[in-house]
Amino acid sequence: MRDTIQPDRHQPGHRLEHCVHLSLLAGVGCSAVLLIAGMVRVIVNGTPWAGGPPPSLLELFRQTEQGRGRALLNLGLLLLTLTPVFRVAVIGVGSLLAGDYRFAAVAGIVLILLGISLVLGVG
Amino acid sequence: MASATATSPQCKTITMDLSTTHLILIISAGTVTGIVGAILGTGGGVFLIPVLVLGLGVPMHFAVATSILSVIATSSAVASTNVERGVANMRLGMTLEIATACGAIIGGLTAGWLPAPILEAVFAVVLVPTAILMWRGGVVRQGSAATTGGLSDPHLPVSPGWLGATYYDDTECRAVTYRVQRLWAGLSISFVAGNLSGLLGIGGGVFKVPALHLLCEVPMKAAAATSNFMIGVTAAASAFLYFGRGEVRPALTATAVLGVLAGSRIGSHVNRFVHAGFARRLFAALLVLVAVEMLTRAVMRGA
């Protein structure tokens, strides 16, 4: 009885939900790994804790390649912040492919607003 | 820990030196916040900010930025489960995110102009209605079955419409279908909640959940899951502004985020052993005390 009324995981709508679930999980998981790695590097190397504005993206990747603790932390936090943005993009593309144009338009508007915030903040 | 060499939010010459002791204290504060958040069903920002500001001496703007990133972490982790289970209403959540994102951007921009004592005073004032809603939370939850307007009755043929949804309720062992009423009310409250989130670093779920439930007639479980689903985007909308102003301190924020993530995992396991109604009222009372303490501090510093 219970199984018959539970949502069908093979329905197109549920596939989108599964993709959203995976995108959120991947974002949090990857950022947690980067944050833990960064914390370990900072503690081991005894890097000063003092902060400041984040470096440019190019500089951040260069510092991450060198294994700098603070760069790993900044990248982890940036990835964490981008996780909900990625989730919105997944919903937008998914609903577009499913032919749900109204939902895709809503996702597009939210993405534009997040883009405005990105430009205002770090652009 | 923090020595403020300038009080203006435009001057970013505040230095922060974190020792290993501070690291342990921050991760502990984050863990406790995560546990409390999981038990009470909140993002935890209302608890994390006072602990950082009053307990550890972290400047208000840094505490808000830290809280915003922590809110993104908990929201993303919890929403991933709620979306997979079909409890979070993605269409309603995304529609309301338009309002919350607008509010969060305005709030995040405003926070950049406000001096710390003013921000602390506003935070203290907002804590009072938060505490009242938290105190009454048990009453709303108990009344949820009776206030869905019969829409969740499995014997009634209900069309969910474009914004409504159907989810499977594990505790009642049945599918629940509902329509969304008074979308304008949901949009209005979402804008205000988003504004408070961007300004003060709180998730705003304590305002959105009752509004979705009582005004939009969304069942309580779906209202809480949908609110949590939205919080991540709301916080991200203002997080970029805090990043740009250099108020996201990597070590401080990363430590708190990891603590909150661990705490929310622990909290989701221990919450079945905790009497939620008692915990809710205990922390509501605590919030009032924190509000008084923060307001006093803000007035003293402002003077």
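Note on naming: letters A, B, ... go to the chains in the order of the sequence lines (proteins, then strands), and numbering restarts at 1 for each one. None of these values were measured; they are calculated from a predicted model.
- In this structure, chain A has heavy atoms under 4.5 Å from both the backbone and the side chain of B:Ile98.
- For a residue to count as touching a neighbouring chain, one of its non-hydrogen atoms must lie under 4.5 Å from one of that chain's; by this rule B:Thr81 touches chain A with the backbone only.
- Both the backbone and the side chain of B:Val233 have a heavy atom closer than 4.5 Å to some heavy atom of chain A.
- Heavy atoms of B:Ile105 lying under 4.5 Å from chain A belong exclusively to its side chain.
- Interface remark: B:Tyr242 contributes no atoms to any contact with chain A (heavy atom separation under 4.5 Å).
- In this structure, chain B has heavy atoms under 4.5 Å from both the backbone and the side chain of A:Thr81.
- Heavy-atom distances place the side chain of A:Ile109, and not its backbone, under 4.5 Å from chain B.
- The two residues B:Thr66 and B:Ala256 have their closest heavy-atom pair at CG2-CB, 3.5 Å.
- Neither the backbone nor the side chain of B:Ile68 comes within less than 4.5 Å of any heavy atom of chain A.
- Residue B:Glu97 comes nearest to B:Met230 through the heavy atom pair OE2-CA, 3.5 Å, listed as atom of the first residue, atom of the second, then distance.
- The side-chain heavy atoms of B:Phe229 and B:Asn82, taken from C-beta on, include no pair separated by under 4.5 Å.
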Residues 19-28 of chain A side chain polar contacts: donor-acceptor under 3.5 Å, at least two apart:
unit_1	atom_1	unit_2	atom_2	d
A:His21	ND1	B:Ser80	O	2.7
A:Ser23	OG	A:Cys19	O	3.4
A:Ser23	OG	A:Val20	O	2.8

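- Residues meeting the salt bridge (Lys or Arg N to Asp or Glu O under 4.0 Å) test with A:Arg102, sequence neighbours left out: none.
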